[in-house]
Each structure stands twice: as structure tokens, then as C-alpha cells.
Amino acid sequence: MEKGWFIDCHCHLTAEEFRQDINDVIEKSRKAGVQAFVSVTEQQSEFEEVIDLAERYPESVMACFGIHPIQGSADGHRSVTVQDLEPALPFFEKHKDKLVAIGEIGLDFTPWFVSTSQQREEQQKVFALQLDIAKQLDLPVNVHSRSAGRQTIAFLKEQASKVNKTDSTREHLLGDRLTLSWPKERGTVSKERNEPEQIRISCQYIAAVKGLSVETVCEVTTHNALKLFPKVHQRLKE
């Protein structure tokens, strides 16, 4: 891998807004210095799409499978249920050799989507089941947390304390390394589409806050990403 290139540790290449020009987005981002894309999913309907992208761009697109705590549909958004996860379970096993992580998974207690304790408990069940998959496959997790920061950290610590297979799995669950991802949430008020090439904005901001050069932040975060996602490192060396 060339020095000074980025790894985007959390992007949504199968999102609806990229359906028409995803190839152009990937090529433009690569020219801007993004070497690899850790592409997460939110629903089972995206699983085959991200595998297809990973096969078309084996040197760049790294697939993750995950069921997001907030599910979107034609009727709006709602809290996830175990029934949303169940149809997806066979795909984790089917494509396990092609996955670099499990995600995007986590907890989202945004009040207008999640108003009851039953919904929060259901989210935790879905989260726990996917953490179990990550442990079984010895993969890191790409975690979402909104309006549930303390709960998410506590839940991860609780789950990690049950791990007795390998130290690396515990490290994956509790990793606190600084890596880079998109600088803005999808679906924000801004009309500007958020593309992976904008990762440089995150890099520039961190450099300014830390008083470091952009090159140093790029080097450190890339090193951290390769350590946190071993399969990404392996595929970039192939």
C-alpha cells in the first residue's frame, strides 16, 4: 500500500443515493487517496449488493454484514426486532470468508423511534446476537451508537467479559483506536452528498485539533485501521 493513502473504516456504498453512480464514486475516492472502503450494511437486502461490490473491487471494497438498530421502510423508521435479523442469519455463514467485520450494529435510543423499554430490550437482543456472530467468526465489529453512548459501552464491556476464546476477540470488541470514517451522518440537513473522498475533512480536522500534520494523522489512522481490521490488511497485501 502506498504511503499517505486513507482507509475509510465506515461507509455505506450500498446506500440508495449511490445506486446510479457507485463506480464513479469509488474511482473518484480512490484518486483522492482512499485505498480501502470498509462498507457496512443496515438491512439484509444490502448483503448481496455489498458482496457484489467486493467482488468487483476486490482490492478496495471490504464487505461487512449487519442489521442496524433502526430499520427504514416505505412507512418510515422503526426500532429493530429479532424478526429483522432472523432472515439474515444464513448469509453470515454463507459469506463468512468474504467478510472483514460485522456491522453496522449497535444501539439507537432516539426517543421518537424508540419510546419503550421493550424496544430497547429488543435492540439489545439483536445487538447481542450479532456480537455472538462476530465472536464465532473472530471478526471485529463496526458499532453504531446514538442517544445510547453509555449503554453501548457498558453493553460491549459486558459482552466482552463473556469472551474466553481469544484475546484478539476481546480486543476487537473493546478497541479504542483512532481510525477515520465519513465526517457526517447520512440523512443530515446538508444537501451535499457524503462521499468517501470527504474522509480528508476528518483527517484535516483531527490534525488541526491535535497539532499534527495531515500526513501523520493519515499514517497513524491507517496503521490503526489495518490492526483493527486484520482481513483488510491481508487483502491489501494480496
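When reading the values below, keep in mind they use all heavy atoms of this one structure, side chains included, and skip hydrogens, waters and symmetry mates.
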Residues Lys135, Asp132; criterion side-chain contact (heavy atoms from CB on, under 4.5 Å); working and verdict = CA-CA 5 Å; Lys135 296 170 193 175; Asp132 285 341; 3.6 Å; yes

ask   = Are Phe92 and Gln136 side-chain neighbours, meaning at least one heavy-atom pair lies under 4.5 Å?
value = no

Whether Ser29 side chain and Glu197 backbone form a donor-acceptor pair below 3.5 Å = yes

ask   = Distance from Cys9 atom SG to Leu228 atom CG, nearest 0.5 Å?
value = 7.0 Å

request  = Please lay out, stage by stage, how Val126 and Ile105 fare under the test side-chain contact (heavy atoms from CB on, under 4.5 Å).
outcome  = CA-CA 8 Å; Val126 174; Ile105 63 176; over 6 Å; no

Spacing of OG belonging to Ser147 relative to CZ belonging to Arg120, to within rounding of 0.5 Å = 11.0 Å

query = Do Glu238 and Arg235 meet the salt-bridge criterion of a basic N to acidic O distance under 4.0 Å?
reply = no

request  = Any chance you could measure Trp112, atom CH2, to His77, atom NE2, to the nearest 0.5 Å?
outcome  = 12.5 Å

message = I want to check something: taking the side chain as every heavy atom from C-beta on, are Phe6 and Gln35 in contact at a cut-off of under 4.5 Å?
response = no

note = NE2 of His233 to OG1 of Thr222, rounded to nearest 0.5 Å, is 11.0 Å

query = Is a side-chain donor or acceptor of Thr41 paired with a backbone partner of Val50 at a separation under 3.5 angstrom?
reply = no

ask   = Counting distance only, does the side-chain N/O of Asp84 pair as donor-acceptor with the main-chain N or O of Thr81 below 3.5 Å?
value = yes

task = Evaluate the side-chain proximity of Leu139 to Val100: yes if any heavy-atom separation is below 4.5 Å, no if none is.
result = no

message = Is any side-chain heavy atom of Asn142 closer than 4.5 Å to one of Pro140?
response = no

inquiry  = Quick check: closest heavy atoms across Ser79 and Gln123, and the distance to 0.1 Å?
reply    = OG-NE2, 3.0 Å

Lys210 and Val217, any side-chain heavy atoms less than 4.5 Å apart = no

note = Looking only at heavy atoms, the pair that brings Pro69 and Gly106 closest together is CB-O, 3.4 Å

request  = Please step through side-chain contact (heavy atoms from CB on, under 4.5 Å) for the pair Arg19 and Glu49, ending with a clear verdict.
outcome  = CA-CA 10 Å; Arg19 293 283 164 80; Glu49 293 179 51; 3.2 Å; yes

inquiry  = For His68, is there any backbone N or O sitting under 3.5 Å from a side-chain donor or acceptor partner on Gln71?
reply    = yes

ask   = Can Leu85 and Val80 be said to form a side-chain contact (heavy atoms from CB on, under 4.5 Å), step by step?
value = CA-CA 8 Å; Leu85 175 62; Val80 73; 6.0 Å; no

request  = State plainly whether the residues Lys98 and Glu55 are in salt-bridge range, i.e. N to O under 4.0 Å.
outcome  = yes

inquiry  = Is there a path of hydrophobic side-chain contacts, each under 4.5 Å between heavy atoms, that joins Ile70 and Val82?
reply    = yes

message = Can you list everything that forms a salt bridge (charged side-chain N to carboxylate O under 4.0 Å, His left out) with Asp24? Sequence neighbours excluded, please.
response = none

query = Does Ser39 use its side chain to pair, donor to acceptor, with the backbone of Leu13 at less than 3.5 Å?
reply = yes

key: From CD1 (Ile201) to SG (Cys203), nearest 0.5 Å   = 11.0 Å

key: Main-chain N/O of Ser115 paired with Gln119 side-chain donor or acceptor, under 3.5 Å   = yes

message = Using only atom types and a distance under 3.5 Å, with no angle test, would you say the side chain of Glu104 pairs donor to acceptor with the backbone of Ile67?
response = no

query = Shortest non-hydrogen contact from Thr110 to Arg146?
reply = OG1-CD, 3.4 Å

request  = Taking all heavy atoms of Glu17 and all of Asp21, pick out the closest pair and write down the distance.
outcome  = O-OD1, 4.2 Å

ask   = Can you hop from Leu131 to Val40 via hydrophobic side chains spaced under 4.5 Å?
value = no

query = Are Phe47 and Lys94 side-chain neighbours, meaning at least one heavy-atom pair lies under 4.5 Å?
reply = no

query = When rounded to the nearest 0.5 angstrom, what is the spacing between OG in Ser60 and CG in Leu53?
reply = 11.0 Å

query = Should the pair Phe65 and His95 be assigned to parallel (<30°), tilted (30 to 60°) or perpendicular (>60°) ring geometry?
reply = perpendicular

query = For Phe155 and Ala128, which heavy atoms make the closest approach, and how far apart are they?
reply = CZ-CB, 3.8 Å

query = Between Asn224 and Thr221, does any side-chain donor sit less than 3.5 Å from a side-chain acceptor?
reply = no

query = Is there side-chain contact between Leu236 and Glu59, with at least one heavy-atom pair below 4.5 Å?
reply = no

ask   = Do Thr14 and Glu46 have side-chain atoms, one donor and one acceptor, less than 3.5 Å apart?
value = yes

ask   = Which residues pass the side-chain hydrogen bond (donor to acceptor under 3.5 Å, both in side chains) test with Arg150, sequence neighbours left out?
value = none

task = For a side-chain contact (heavy atoms from CB on, under 4.5 Å) with Glu122, tell me which candidate from Lys125, Gln124, Gln118 qualifies.
result = Lys125

inquiry  = Could you see if Val220 belongs to whatever hydrophobic cluster contains Tyr205? Use Ile, Leu, Val, Met, Phe, Trp, Tyr and a side-chain cutoff under 4.5 Å.
reply    = no

Closest contact, heavy atoms only, Ile199 versus Asp8 = CD1-CA, 3.5 Å

ask   = With side chains defined as the heavy atoms from C-beta onward, is the minimum distance between Lys31 and Lys28 less than 4.5 Å?
value = no

